[in-house]
Amino acid sequence: EWYHCGDFDVLGNRWLLKETFIPPFLLFIGKVMMQCGFSQYSGVLYLNMILGSLLPIIIFCCAKKLWPQYPGRAYIATLFTAIHPSLIAFSADLLRESSYIFFIACTFYFWLMMYKEKQCFPAIITGIMAALTTLCRYEGFELYPMLLITIITGIIMQEFKPRQGVFMM
């Protein structure tokens, strides 16, 4: 039957596309921005531009946490993030990638902060950022096994307390 239509959309509509939906983060932001007087297009575009502009700052903070003795690496990572053509293009389009990359970078930053500073507050923010990543794209679910492994090994090696792991998840 699919060969009568000329493409594989018939198969996708029957088996896959009817059961899936778009992750709701950008749709929600578009709705909120419409209530503030913006069009849905411009509201989501502004959000992508803001998150894309803040991404080099998050990358700088991550690099400073990873290599505190080498501050030059943080500046190089920030420069590469700021001039990367794909990241610039993601910020200027209505795609989910800009918000997804921003929230995954925030998740990694707060995970580093939790792991190095051994506090509960970054653990809570790590969980919130991981949830926002999942609301942007379903690939955000890939973070949860990594975070779970981190929690288990951190508790076994007594790097941090079990309550931090509970707060993170």
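Note that the numbering runs from 1 along the sequence shown for the chain. All values derive from a computational prediction rather than experimental measurement. Note: hydrogens, waters and symmetry copies are ignored here, and every other heavy atom, side chains too, is used.
The aromatic rings of Phe103 and Phe25 sit perpendicular to each other, their planes meeting at more than 60°, with 30° as the lower class boundary.
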task: Go through the steps to decide whether Gln40 and Leu27 satisfy the test side-chain contact (heavy atoms from CB on, under 4.5 Å), and finish with yes or no.
output: CA-CA 8 Å; Gln40 186 174 16; Leu27 297 174; 4.2 Å; yes
task: Verify side-chain contact (heavy atoms from CB on, under 4.5 Å) between Met129 and Thr126, making sure each step is shown before the conclusion.
output: CA-CA 5 Å; Met129 290 297 157; Thr126 301; 6.0 Å; no
- request: Test side-chain contact (heavy atoms from CB on, under 4.5 Å) on Glu139 and Arg96 and set out the steps.
  value: CA-CA 11 Å; Glu139 289 86 353; Arg96 296 173 284 161; 5.9 Å; no
message: Between Phe110 and Ile128, does the side-chain contact (heavy atoms from CB on, under 4.5 Å) criterion hold? Intermediate values first, please.
response: CA-CA 10 Å; Phe110 286 108; Ile128 291 170; over 6 Å; no
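Inter-residue side-chain proximity for Leu47 and Phe38 is flagged as unmet; no heavy-atom pair is nearer than 4.5 Å. Using a 4.5 Å heavy-atom cutoff, the side chains of Phe80 and His84 are not in contact. Counting heavy atoms from C-beta outward, Phe108 and Leu66 have side chains that approach closer than 4.5 Å. You'll find the side chain of Tyr144 reaches within 4.5 Å of the side chain of Thr134, heavy atoms only.
Under the 4.5 Å side-chain heavy-atom criterion for ILVMFWY residues, a single connected hydrophobic cluster contains both Met146 and Ile104. In the hydrophobic clustering of ILVMFWY residues, with side-chain heavy atoms under 4.5 Å counting as a link, Met33 and Leu51 come out together. Under the 4.5 Å side-chain heavy-atom criterion for grouping Ile, Leu, Val, Met, Phe, Trp and Tyr, Phe28 is connected to Tyr46 within one hydrophobic cluster. The hydrophobic clustering, which links ILVMFWY residues whose side-chain heavy atoms are closer than 4.5 Å, places Leu55 and Ile76 apart. In the hydrophobic clustering of this structure, Phe90 does not group with Leu79; members are Ile, Leu, Val, Met, Phe, Trp, Tyr whose side-chain heavy atoms approach within less than 4.5 Å, directly or through other members.
Nearest heavy-atom pair across Ser98 and Gly52 is OG-N, 3.7 Å. Between Thr81 and Ile59, the shortest heavy-atom contact is OG1-CG2, 3.4 Å. The shortest heavy-atom contact between Ala130 and Leu147 is CB-CD1, 3.9 Å. Nearest heavy-atom pair, Leu26 versus Val44, reported as atom, atom and distance to 0.1 Å: O-CG2, 3.6 Å. Scanning both residues, Cys62 and Leu112, for their nearest heavy atoms gives O-CD1, 3.8 Å. Heavy-atom minimum distance, Ser91 versus Met49: O-CG, 3.2 Å.
The distance from the CZ atom of Phe102 to the CG atom of Leu54 is 5.0 Å, given to the nearest 0.5 Å. The line from CG of Leu135 to CD1 of Ile29 is 10.5 Å long, rounded to the nearest 0.5 Å. Rounding to the nearest 0.5 angstrom, the gap separating the CD1 atom in Ile88 from the CD1 atom in Ile83 is 7.5 Å.
With sequence neighbours left out, Ser39 forms a side chain to side chain contact (heavy atoms under 4.5 Å, CB included) with Tyr41, Ser42.
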